[in-house]
Amino acid sequence: MTDTSLAPAPVYTVPQERRIVTAIPGPKSMELQERRREVVSAGVSSTLPVYIEKANGAILVDVDGNQFIDLGAGIGVTTIGHTESSVVEAAAAQVGEFIHTLFTITPYEEYVRVAELLATHTPGDFPKRSVLINSGAEAVENGVKIARKYTGRRAVAVLEHAYHGRTNLTMAMNFKAAPYATGFGPLAGDVYHAPSSYPYHDGLTGAEAAARTIAYLEKVVGATDLACLVAEPIQGEGGFMVPADGYLPALQEWCTANGVVMIADEIQSGMARTGRFYASEHFGWVPDLVLTAKGIAGGLPLAAVTGRAEIMDAAQPGGLGGTFGGNPVACAAAIAVFESIERNDLLAEGERIGTTLVSGLEELKSRYDIIGDIRGRGAMIAIELVEAGTGDTTKVPNAAAVSAIAAYAAQHGVLVLTAGTYGNVLRFLPSLALSDELIRDALSVIDEAMAAL
Ligand SMILES: *Cc1c(COP(=O)(O)O)cnc(C)c1O
């Protein structure tokens, strides 16, 4: 047994501080941006075109020597910190052993170990099975496939403001058409967008919001045709909406009673991000299937569908898989991530970050009335910005302020992401390596940015 009290303090290879030494983007980044325009599709955009040379802990270093406090973690991927030493070591060691065999040809232990860890850490105390794939969207696709096979039904329901990916099926499951689906149709059919719980705007209790969602599913889809309901416990791209208490368990109860598979898309909210292993736990929700991706392998591509054995085993042999799914290097990294979360008590770090962030943001809210709402859990916190004076009434989205603050922050060495159906949410999705000192420093920049509006 590891004695967690003896866990050594992390050693960083990059000083954990912001440092701006050129204009942003700097000259070397500008040169690379020129090269990129010649060869990279215009369909691939970058939030901040500074080219990265090194990353460690909570800091990104660009090719011009600028250092940024990273409040995005590659959209919640480097959750345990950039280049965390145990992940680097585990991946490097695996590269020297073997890099690929294809689990569906000749299997290996690392895949089985990741499935064991997923069975242990996902919500619910029942026999579970997993399939490993490469990306979040692929996890969503597989979750839907499995639910359809198990139920023999066709329809898929999602919630308003959802984001599930960029493949053909998942494009149809997103709430926002632009930019994810515009012009890319025809989209997959039989996907229904049910009303969600968005307490800041709808003012409904969990029970009221659930009744509204269920009424929609019963009237518009019909329970007997519904294979699955897919929900993010805390919505990511939509703007970190935290559903009202009781909402998710009420939906699960209805799904169970009606033979519908309920799937938690924990791709952004899972893997210790919110102070729990999975955000579903905050709401007392035990889903049938859980989707994991982003943070699972410290930055290497890996994703999983995990859930009730009888549902997962409904898929016929050969029906699930893919060439790179459960790559051994990604699996070795994932095992190191799970171990690091336990050894370094990273669930507590998530709580710490949430507490420090929220208290700093509350202080800003007392001075800036464009902050309408502060919400989230752990290292998944957002502020929704509204037009001044509308925070308690009409809550008019203020996307311009969000863009201006993110741009100001970038110029001053803080990378902060935006989100929200109306583009008016600033999201804080840092790695768990972010110290309280860096949080306060980053918030002082956000403060300056708000003052400069
Ligand atoms: C990022 C994300 C996805 C898609 O994951 P990819 O790895 O980008 O395909 C799906 N669902 C949620 C909630 C996400 O945040």
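As a basis for the values below, the full set of heavy atoms in this structure was taken, side chains included, without hydrogen atoms, waters or symmetry mates. Each ligand, and each atom within it, is numbered from 1 in the order the structure gives.
Here the shortest heavy-atom distance to atom 11 (N) of ligand 1, taken over V77, D265, I234, T167, belongs to D265.
Shortest contact from atom 10 (C) of ligand 1 to any protein heavy atom: H164 O, 3.3 Å. Residue, atom and distance of the protein heavy atom nearest to atom 7 (O) of ligand 1 are G136 N, 2.7 Å.
Near S135, meaning under 4.0 Å from one of its heavy atoms, ligand 1 places the atoms 7 (O), 9 (O). Listed by atom number, the atoms of ligand 1 under 4.0 Å from E232 heavy atoms are 13 (C).
Between E138 and K145 no salt bridge is recorded (no basic side-chain N to carboxylate O distance below 4.0 Å). The residues E351 and R276 are annotated as salt-bridged, a charged nitrogen and a carboxylate oxygen being separated by less than 4.0 angstrom. Ion pair E349/R352 flagged as a salt bridge, since at least one NZ, NE, NH1 or NH2 atom sits closer than 4.0 Å to an Asp/Glu carboxylate oxygen. Salt bridge absent: E362 and K365 never bring a charged side-chain N and a carboxylate O closer than 4.0 Å.
In terms of polar-atom proximity, defined here as any N/O pair under 3.5 Å, Q268 does make such a contact with ligand 1.
Heavy-atom neighbours of D245 CG from other residues, nucleotides or ligands within 6.0 Å: at or below the threshold of 12. Within 6.0 Å of CZ on F324 lie no more than 12 heavy atoms contributed by other residues, nucleotides or ligands.
With a 4.0 Å cut-off on non-hydrogen atoms, A137 touches ligand 1 through its backbone as well as its side chain. Contacts between K294 and ligand 1, counted as non-hydrogen atom pairs separated by less than 4.0 Å, involve the side chain only.
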